[in-house]
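Notes for the one structure printed next.
Note that these values count all heavy atoms, side chains included, but never hydrogens, waters or copies made by symmetry. Note that ligands are numbered from 1 as they come in the structure, with each ligand's atoms numbered from 1 the same way.
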Amino acid sequence: MNRKILVIGSLNVDQSVQVMSLPAPGETIKGHDLKYLNGGKGANQAVACGRLAGEAGTAAMLGCVGDDDFGKMQLDSLSASGVDTQYIRRISGTPTGMALICVDSKGANTIVIIAGANACVTPELLEESGSRKAIDEADILLLQMEIPFETNLAVVDLAAKSGKTVILNPAPAPDHSIPDEFFAKLDFITPNENELASLTGMPCGTIDEIAAAADALLQKGVRNVLVTIGERGALLANQDGIRHIPGIPADAIDTTAAGDTFNGAFAVALSEGKDVEEAIDFANRAAAISVTRRGAQDSVPYRTELTELI
Ligand code: RIB
């Protein structure tokens, strides 16, 4: 039986628009093909867990949406992807989180997020009996940075006392410092190269620079630093050393949620007992499919698509 995954994080409606080039400060540009899509780093990762798990009942999500149509859209998308939504609260009088996304002709993006109901995922919410049940029943906790940071602090404290596996995807990069005690309670941290640069204050352009910055994060006590570096693949640093795992070439049209797909897939592979390098390979394959499709949750592949690739 798979170990159970609980994603604690954000749910957003993505207002996604296609542009030729991303706008510069002060510039007005034309966009086209505006879409309202299901997104949010937490929900995207939960959808990836639900779609990629080989077994029903593997993935659940804890979070908050508004009592608007966008909140319902999110719950429907998660349920249809096999995610248990019973721990998602609908908050009356508060809008569902929102993201404003521009995607350029090469698939690169800019994202602005507005927290909305995601701000209601507080440490107090974790104290409620439903939330406690969700955390108690989970074996793997998957976190991001689009809910209040105090909540992530509380989650890792609970997890450290009960021996659960904690994966933190530090996205978006925090605009505040993070205490070393927090890092020391993480089993995996999964920044991309920009987030790693922001967390360490070190340059992260070349593979050697990324390796040095990953090592600096390892010294803070995280057990595994797993850096996602787009088409260059991933870099893993742990007590066994530093390894670069090459990526899988793909014709990218939209990289939105590629990192989320990677994180969800990685958690699924761990839940099935794969070792870390096998899990990275599985996650690389899932992310390579996601960049060939538009949107966030819309781009996340199903398990059968991955099996066909192997
Ligand atoms: O990682 C992509 C996601 O970031 C989008 O779906 C958007 O909602 C923001 O959370």
Side-chain angles (χ1 to χ4, degrees), residues 7-19 22 34-51 61-66 68 70-71 73-78 81 83 88 95-104 107-121 142-149 151-152 167-175 189-196 198 227-230 252-267 283 286-301:
V7 180
I8 304 178
S10 59
L11 305 98
N12 296 331
V13 57
D14 291 351
Q15 277 195 56
S16 175
V17 65
Q18 295 287 140
V19 295
L22 300 174
L34 171 68
K35 288 195 161 74
Y36 289 79
L37 301 168
N38 287 305
K41 293 186 195 302
N44 298 342
Q45 293 181 20
V47 161
C49 292
R51 289 186 188 167
M61 178 158 188
L62 194 162
C64 293
V65 291
D68 46 20
F70 293 139
M73 209 167 101
Q74 279 285 352
L75 294 174
D76 291 347
S77 172
L78 287 159
S81 301
V83 179
I88 299 176
T96 295
M98 180 162 284
L100 309 176
I101 305 183
C102 289
V103 181
D104 77 8
N109 63 44
T110 56
I111 304 181
V112 176
I113 52 171
I114 301 132
N118 296 312
C120 300
V121 188
L142 180 53
L143 310 172
Q144 319 74 33
M145 300 290 260
E146 289 185 341
I147 57 171
F149 183 61
T151 309
N152 280 346
I167 306 170
L168 172 73
N169 175 223
D175 54 7
I189 190 164
T190 60
N192 65 21
E193 63 269 56
N194 298 326
E195 290 145 6
L196 181 65
S198 159
V227 191
T228 55
I229 38 180
I253 63 156
D254 183 353
T255 55
T256 311
D260 299 331
T261 303
F262 182 97
N263 276 276
F266 181 71
I289 296 177
S290 78
V291 299
T292 64
R293 301 171 181 170
R294 177 131 187 236
Q297 290 168 32
D298 289 353
S299 71
V300 176

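Residue-to-ligand polar distances place Asn12 within reach of ligand 1: an N/O pair is separated by less than 3.5 Å. For ligand 1, none of its N or O atoms has an N or O atom of Thr256 under 3.5 Å away.
A 4.5 Å side-chain heavy-atom check between Val300 and Asp260 finds every atom pair outside the cut-off.
Residue Ala296 has at least one heavy-atom neighbour below 4.0 Å for each of these atoms of ligand 1: 6 (O). Close approach of ligand 1 to Gly39 (heavy-atom distance below 4.0 Å) involves ligand atoms 6 (O), 8 (O). The distance from ligand 1 to the heavy atoms of Asp14 drops below 4.0 Å at these ligand atoms: 5 (C), 6 (O), 7 (C), 8 (O). Those atoms of ligand 1 with a heavy atom of Asp260 less than 4.0 angstrom away are 1 (O), 2 (C), 3 (C). Taking every non-hydrogen atom of Glu146 and a distance limit under 4.0 Å, the qualifying atoms of ligand 1 come out as 4 (O), 9 (C), 10 (O). Every atom of ligand 1 with a heavy atom of Gly40 under 4.0 Å away is listed here by number and element: 5 (C), 6 (O), 7 (C), 8 (O), 10 (O). Under a 4.0 Å criterion applied to the non-hydrogen atoms of Ala99, ligand 1 contributes the atoms 7 (C), 8 (O).
Residues passing the side chain to side chain donor-acceptor pair (under 3.5 Å) test with Thr256, sequence neighbours excluded: Asn109, Asp254. The side chain to side chain donor-acceptor pair (under 3.5 Å) test applied to Ser10 returns Glu146, not counting sequence neighbours.
In this structure, the protein non-hydrogen atom closest to atom 3 (C) of ligand 1 is Asn44 ND2, 3.6 Å.
Met61 contributes atom CE, which lies 5.5 Å from atom CD1 of Ile88 (distance to the nearest 0.5 angstrom).
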